[in-house]
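Worksheet for the structure shown next.
Just so you know, ligand 1 is whichever comes first in the structure, and atom 1 is the first atom listed for that ligand. These numbers were taken from a predicted model, which means no experiment stands behind them.
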Amino acid sequence: MLFEFATATRIVFGEGTAATLPDLVRSFGARPLVVTGASTERAAWLVAALSAEVFAASGEPTVELIREGARRVQDSACDVVVSLGGGSAIDAGKAIAAVAANGGEPLEFLEVVGKGRAMALPPLPFLAVPTTAGTGSEVTRNAVLGSTEHGVKASLRSPLMLPRIALVDPELTYGLPPAITAATGLDALTQLIEPYVSARANPLADAFCVEGIGRIAGALRRVYRDGADREARRNMALASLFGGLALANAGLGVVHGFAAPLGGSWKAPHGALCAALLPHGMAANVAALRARAPRHPALERYAAIARLLTGRSEASAADGIDWVRALCIELNVPPLRAWGIAEADLPGVVEKAAHASSMKANPLPLTGEELLQVATAAW
Ligand SMILES: [Zn+2]
């Protein structure tokens, strides 16, 4: 057995820890850039406490946005970057800190559609503070960027890009509306299920997956119904963090393989796409494993997932899929067509998904026909 496990230098978790953020940021630099989502209001307290520059990352980050952010860092001589927001704001800040320190051109380093050059210089110190419980991006070493020109999403990736501090304060998620709570929470669940059955699964990531799936099973319905449920919000925040740790070290699978091209071509939030695809991706993998690799360890792992989700010791892989399907209905997850995707678009999406980097870690390769079935079922 051989595996590596990399994570943020320091993880700070707990209710109220956001109050320590200004001091933490100052310990890294005197001229911070605060990166937030479209509404900068949420970060006003931090910007004021730090007399910082503020940069709004509206929507999921693009190559153009990162170029603009890197220019802001250079023009204002910023020496530390802190993101306070959802996955988009965190990925944007992470990419800006890296690109600004390495010459300012994202396409030099972007995988798939760019030159994919390795980062030579360490990024500016970067602190990540999530306000959703979903992406786990605060502990990963990549930032997903859309390229409008190419209609896909691709990663900037470097071991140097791990945030210096990941500060997770569940109180920051209390105000999330139910639809975003559902989409981000199901993304977190996907990011615990896919690494657990992944071709790159390893015992350390497994521990985070098992712990995280169990927490989501009890908490996701609760936070959807009552956003102020402290215990359930804490469990979701932990599960999201564990998902980030797991995916960064064990990879993902078919659901994220689809989320990359879909998110690159349609304006749909990443979490909502994963939520729509999750039960169908699980079903396709279980059917393909049964048909072609009945002794594959991932099959028993799907049964273990079912036991964690249902709390029943005799639950089968199929019960786990049914549980996720029922949860998606209860949480009003919209199908793919709700995002403007036409049925005629699906074959093209399948073509791109087959080559997505996340697909490589799927427990077994799925055929084009199987992939089309997943997309059609989620449509
Ligand atoms: Zn995801």
Less than 3.5 Å apart, which donor and acceptor atoms pair up between the side chains of residues 247-257 and the rest of the protein, not counting sequence neighbours?
unit_1: Asn249; atom_1: OD1; unit_2: Ala6; atom_2: N; d: 2.7
unit_1: Asn249; atom_1: ND2; unit_2: Ala6; atom_2: O; d: 3.1
unit_1: Asn249; atom_1: ND2; unit_2: Leu245; atom_2: O; d: 2.8
unit_1: His256; atom_1: ND1; unit_2: Glu194; atom_2: OE1; d: 2.8
unit_1: His256; atom_1: NE2; unit_2: Asp187; atom_2: OD1; d: 3.3
unit_1: His256; atom_1: NE2; unit_2: Gln191; atom_2: OE1; d: 3.2
unit_1: His256; atom_1: NE2; unit_2: His270; atom_2: NE2; d: 3.2

Ignoring hydrogens and angles, write down the donor-acceptor pairs under 3.5 Å from the side chains of residues 331-345, residues two or more places apart or on other chains.
unit_1: Asn332; atom_1: ND2; unit_2: Tyr224; atom_2: OH; d: 3.0
unit_1: Arg337; atom_1: NH1; unit_2: Trp379; atom_2: O; d: 2.6
unit_1: Asp345; atom_1: OD2; unit_2: Ala342; atom_2: N; d: 2.8

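- Under the side chain to side chain donor-acceptor pair (under 3.5 Å) criterion, the residue pairs touching residues 118-136 are Arg42-Thr131, with sequence neighbours excluded.
- In this structure, Leu160 is not a member of the same hydrophobic cluster as Leu127, with clusters built from ILVMFWY side-chain heavy atoms closer than 4.5 Å.
- Using a 4.0 Å cut-off between charged side-chain N and carboxylate O, Lys115 and Glu105 make no salt bridge.
- Ring geometry, Phe208 versus Phe242: the interplanar angle falls from 30° to 60°, so the pair is classed tilted.
- Inside a sphere of radius 2.8 Å centred on the Zn ion (ligand 1), the protein N/O/S atoms present are Asp187 OD1, Gln191 OE1, His256 NE2, His270 NE2.
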